[in-house]
Amino acid sequence: MQDSWQLLRNNNKQLALCLLFAPRTDRQLLADIFCFANELENAIQIPSEIILAAIRLQWWHDTIANMVTKAEVPLMNALKDHIKAERIIQDDLLALVALWQRRIDDSGVSTTYCFASCWELAARVTCGSDFVEIAGRIAHKTIENGAQMPGVSSNDLATLRRTGSKTRWLYLAGCLTTRRLETKKDSEDPLLIWRLLFWRFGLGAN
């Protein structure tokens, strides 16, 4: 994978490691989608004034909308390549930008809601539309432990595991979320990669 995975790892090590278990053809797309969400969040968090955040988000919108012009930002060019390859739809990325734009004026649009929408999109384009709701539940519990949303059930995990390689990254993310809620730990896990490998091969998995 290219730099997107490393950037994602710096922001969310657990999710980045889960993506390593996705099919090779999906890994870069997933890393780019989640990095895109992080860039949209940075557009809001980094500027000191709302108007600057709005300008940053509008840049992402306009650059995605303009498929002809090559951008100087590698992530943007990667996203355009995914659109051209028909792995993702241009309007889906514009809809994500619109969510973050709403955050500026609408306090009802939370960080969790925005990132959960990103997870749902990632699940839809790599796992299939049947797994969007499960992805939303995993995302809410991953991002916000106290989210008022049903948790990840054993049936969810069983369904993801049975489906095989295309849902494996989501299955492992669900396992990690369930374990964190049960142990109430949010700190660095020195055995993280080993837990993922055990779950990958059905050892000690839910």
Side-chain angles (χ1 to χ4, degrees), residues 1-2 4-5 7-9 11-40 64 75 78-97 99 112-144 147 149-181 192-193 195-203 205-206:
M1 279 184 281
Q2 300 174 4
S4 289
W5 184 84
L7 290 172
L8 179 63
R9 188 182 187 280
N11 283 282
N12 190 333
K13 181 180 180 181
Q14 292 190 354
L15 176 57
L17 291 179
C18 288
L19 298 192
L20 292 178
F21 294 86
R24 183 182 300 273
T25 54
D26 290 340
R27 292 175 200 163
Q28 189 63 53
L29 173 61
L30 287 165
D32 289 337
I33 289 173
F34 285 112
C35 270
F36 179 53
N38 287 333
E39 288 296 331
L40 296 178
I64 291 171
L75 174 61
L79 291 172
K80 288 187 175 184
D81 287 341
H82 294 312
I83 294 171
K84 291 176 182 176
E86 298 184 346
R87 292 301 316 276
I88 198 168
I89 299 172
Q90 185 177 14
D91 286 348
D92 287 337
L93 295 179
L94 293 175
L96 280 183
V97 178
L99 272 183
T112 300
Y113 181 75
C114 288
F115 276 105
S117 297
C118 171
W119 278 68
E120 290 169 356
L121 172 60
R124 177 152 50 82
V125 299
T126 61
C127 305
S129 57
D130 291 341
F131 301 96
V132 170
E133 289 187 13
I134 296 178
R137 290 196 289 273
I138 293 174
H140 274 81
K141 294 302 179 182
T142 297
I143 301 164
E144 185 180 353
M149 191 173 192
V152 184
S153 70
S154 57
N155 286 337
D156 288 336
L157 296 179
T159 298
L160 292 170
R161 186 162 180 250
R162 282 196 305 269
T163 306
S165 61
K166 73 174 184 176
T167 58
R168 190 165 291 135
W169 70 271
L170 196 55
Y171 165 69
L172 294 174
C175 289
L176 286 171
T177 298
T178 300
R179 180 182 183 277
R180 188 176 67 176
L181 292 172
L192 175 58
I193 190 62
R195 295 189 198 283
L196 292 173
L197 285 169
F198 290 154
W199 292 328
R200 156 65 180 86
F201 292 106
L203 302 175
N206 293 285

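Note that the structure is a prediction, hence the values are computed from the model and not measured.
- With T142 as the fixed residue, the side-chain contact (heavy atoms from CB on, under 4.5 Å) test singles out one of L15, V152, T112, T177: T177.
- In this structure, N12 CG and R9 CZ are separated by 11.0 Å, a value rounded to the nearest 0.5 Å.
- Taking each heavy atom of L8 and A31 in turn, the nearest pair found is CD2-CA, 4.4 Å.
- Side-chain contact check for T126 versus F131: every heavy-atom pair is 4.5 Å or farther apart.
- Taking the six-membered ring where the residue is Trp, W169 and F34 present perpendicular rings, their angle passing 60° and hence far from 30°.
- Smallest separation of non-hydrogen atoms from A123 and A135: CB-CB, 3.5 Å.
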side-chain contact (heavy atoms from CB on, under 4.5 Å) between I88 and F36: does it pass, once the steps are laid out? CA-CA 13 Å; I88 198 168; F36 179 53; over 6 Å; no
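- Note that SG of C118 is 9.5 Å distant from CG of L30, once rounded to the nearest 0.5 Å.
- One distance of note links CG of D156 with CZ of R161; it measures 15.0 Å at 0.5 Å rounding.
- Put simply, the side chain of W119 reaches to within 4.5 Å of the side chain of L170, judged on heavy atoms.
- Residues R124 and L121 form a side-chain contact, since some pair of their non-hydrogen atoms from C-beta on lies under 4.5 Å apart.
- No side-chain heavy atom of L176 sits less than 4.5 Å from a side-chain heavy atom of Y171.
- Looking only at side-chain heavy atoms (C-beta outward), E120 and V132 come within less than 4.5 Å of each other.
- Proximity of a side-chain donor or acceptor of R137 to a complementary backbone N or O of S153 within less than 3.5 Å is not detected.
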Going through the distances and angles, do V97 and I64 end up as a side-chain contact (heavy atoms from CB on, under 4.5 Å)? CA-CA 10 Å; V97 178; I64 291 171; 4.1 Å; yes
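- Shown here is F21, whose CZ atom has more than 12 heavy atoms of other residues, nucleotides or ligands within 6.0 Å.
- Nearest heavy-atom pair, A116 versus A139, reported as atom, atom and distance to 0.1 Å: CA-CB, 3.7 Å.
- Side-chain contact between I83 and L93 is present, with at least one heavy-atom pair separated by less than 4.5 Å.
- Of all heavy-atom pairs spanning G174 and I138, the tightest one is CA-CD1, 3.8 Å.
- At least one side-chain heavy atom of I134 sits less than 4.5 Å from a side-chain heavy atom of L160.
- For the pair I33/H82, no side-chain contact is recorded, criterion being any heavy-atom separation below 4.5 Å from C-beta on.
- Between C18 and L196, the shortest heavy-atom contact is SG-CD2, 4.0 Å.
- Residue L79 holds its CG atom at 9.5 Å from SG of C35, rounded to the nearest 0.5 Å.
- Considering NE2 of H140 and CZ of F115, their distance stands at 12.5 Å, rounded to 0.5 Å.
- Note on D26 versus R87: salt bridge recorded, some NZ/NE/NH1/NH2 to OD/OE distance being below 4.0 Å.
- Of all non-hydrogen atoms in S117 and L99, the two that sit nearest each other are OG-CD1, 3.3 Å.
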